[in-house]
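See structure below.
One-based numbering, in listed order, for ligands and for the atoms of each.
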Amino acid sequence: MTIQYADLLTIGAGGGAYPAAFRLARAGRSVVMVDPKGLMSGNCLYEGCIPSKAVRETAEIYQSQRRFAERGLPGTITVDFAKIMAHKDSIQARRYQQHAADLAATPNIQLIQGEARFITPHEVAVDTADGERRFRCAQVIIASGSDVFVPPVPGAEFCLTSHDLYKPDATLKTLPERMIVIGGGYIGLETATFFAALGTRVTLLQKGRQLLNGMDPGMVALLTPLLDPSIRILTGVDVTAVEVTPEGGRRVHYTHGEENDTLDGDVVLMAVGRRPVIPAGAAEIGITVTRKGVAVGPDLQTVHPHIYACGDVNGRVPLFHAAVRQSMVAAHNILGGNIPMDYADFRHIPTTIFTLPAAAYVGITPALAEAQGIPLQTGRYDFEEDSRAQILERMEGGIQLFFAADSLRLLGGWVVGIDAGSLIGQIGTAAAHGLTAYDLARFADQHPMSAEGIGKAARSLF
Ligand code: ADP
């Protein structure tokens with residue numbers, strides 16, 4: 001078998017892979033990306049952030065229209081689910097075209113449809129539809145991402161997953177009347193709010209006592225009462241089985257304390273988490289793999305200095321934009337001869353829960369500060385007084401900024417409600433660059449936009 005050579009081979013072609021692939025290709029290195037989809041952008045575009053937000057934004061328009069209609073403003077609202085899904089598909093197709101054009105315009109880089117596995121630390125086999133190919137690689141980036149975790153519950157195969165719901169030409173063709181969501185993490189909760197806004201009756205079953213397990217309970221407590229009250233949320237529930245009813249619907253069996261109960265729906269979404277995808281052969285060549293994923297530090301290097309692990313596969317911050325930054329760090333360290341010169345900041349990564357309304361946070365928030373004994377001063381701004389929120393009839397929630405009590409340096413913040421996903425970027429930039437409440441208070445944020453609330457939250461301290 002002929003063995004080809006690559007300066008860099010990426011396992012996966014998602015956010016953890018392609019930024020580095022392009023940077024190195026542009027620097028004259030020969031680059032091979034491998035992905036079973038034969039497409040660039042990984043799960044983010046295929047079944048994650050992009051398609052789910054295409055559905056979210058249309059659902060939010062229906063929700064806003066309904067609010068305005070309550071005040072006698074424009075008209076009839078009919079939800080056309082097929083058109084929403086066609087919109088989602090068209091966004092995916094458009095972005096795939098964009099990526100294909102980028103790829104075609106860049107020399108030194110090829111994308112192979114296949115699955116990669118390690119033979120030795122410097123040799124990777126790629127299984128393709130036409131057989132196996134072998135590469136000798138100076139550097140490898142493991143960016144194989146994560147996959148939906150389906151628990152071993154009997155009948156789990158009768159549930160949809162986020163993959164089925166958001167992939168191109170998704171499985172669900174009509175808007176269900178009743179949906180049961182298993183899992184109160186961000187994917188389950190987001191989807192519950194989208195479908196509720198479109199008119200589906202949603203019941204969400206959460207195993208633990210808190211929704212959005214692992215996130216700051218203070219933020220979750222602000223968000224929960226703002227969610228569509230039609231969503232029935234049952235916590236402390238353990239799903240034991242799922243079955244198909246004689247009418248073709250779904251019946252979920254669960255225990256709630258000492259009680260056994262069942263719940264019927266038209267569809268069930270299983271959303272209990274994601275798991276890192278570890279390429280075959282990784283453990284055999286000595287890569288350290290924990291329950292969270294491939295172990296790496298801020299330099300993204302594995303135990304082999306020429307093998308990096310970026311993105312969801314390392315379990316550090318499983319978000320697309322975190323993967324992109326990590327990929328760039330790996331590229332810089334590769335260009336520096338595998339001697340670390342750039343480091344990922346795992347703390348200042350904005351995270352948004354794109355529920356309707358959304359919640360977003362960054363940096364150190366009160367629960368973490370308390371655990372670490374860091375005294376905070378909190379600056380607050382309420383959207384009740386915000387002009388843009390008033391114009392849009394969306395005055396719920398607000399901004400909270402968390403400053404170090406002594407220096408008033410911004411350590412973190414959260415936003416619940418309007419524009420949360422955008423505002424958190426500005427707060428994250430300020431926190432990552434060590435700005436203080438004085439700096440934020442002196443900045444003339446734009447009126448009448450929700451961002452002026454950031455300066456006002458800082459000024460609330462003085
Ligand atoms: P990230 O954003 O962390 O890069 P994604 O999950 O978006 O992660 O993308 C990872 C991509 O890697 C997915 O498209 C997945 O199909 C692909 N992948 C997973 N395992 C392999 C493998 N063994 N060889 C090649 N590609 C893989």
Query raised in the report: Does a sphere of radius 6.0 Å around CD in Gln372 hold more than 12 heavy atoms from other residues, nucleotides or ligands, not counting ones at 6.0 Å or beyond?
Result: yes

Query raised in the report: Does NZ or CZ of Arg316 fall inside the cone over Phe346's six-membered ring, less than 6.0 Å from its centre and within 45° of the axis?
Result: yes

Query raised in the report: Within a reach of under 6.0 Å around NZ of Lys83, are more than 12 heavy atoms found that belong to other residues, nucleotides or ligands?
Result: no

Report task. For the pair Thr235 and Arg209, evaluate side-chain contact (heavy atoms from CB on, under 4.5 Å) and give the outcome as yes or no after the intermediate values. Result -> CA-CA 5 Å; Thr235 57; Arg209 291 275 154 213; 4.0 Å; yes

Query raised in the report: Tell me, do Asp147 and His163 make a side-chain contact under 4.5 Å, heavy atoms counted?
Result: no

Requested in this report: Non-hydrogen atoms closer than 4.0 Å to ligand 1: which protein residues do they belong to? List them by chain and number, please.
Outcome: Ile11, Gly12, Gly14, Gly15, Gly16, Val34, Asp35, Pro36, Lys37, Gly42, Asn43, Cys44, Gly114, Glu115, Ala116, Ala143, Ser144, Gly145, Ser146, Val277, Gly311, Asp312, Ala323

Requested in this report: Please test Ile11 against Val34 for side-chain contact (heavy atoms from CB on, under 4.5 Å), starting from the C-alpha separation and ending with a verdict.
Outcome: CA-CA 5 Å; Ile11 302 183; Val34 182; 5.8 Å; no

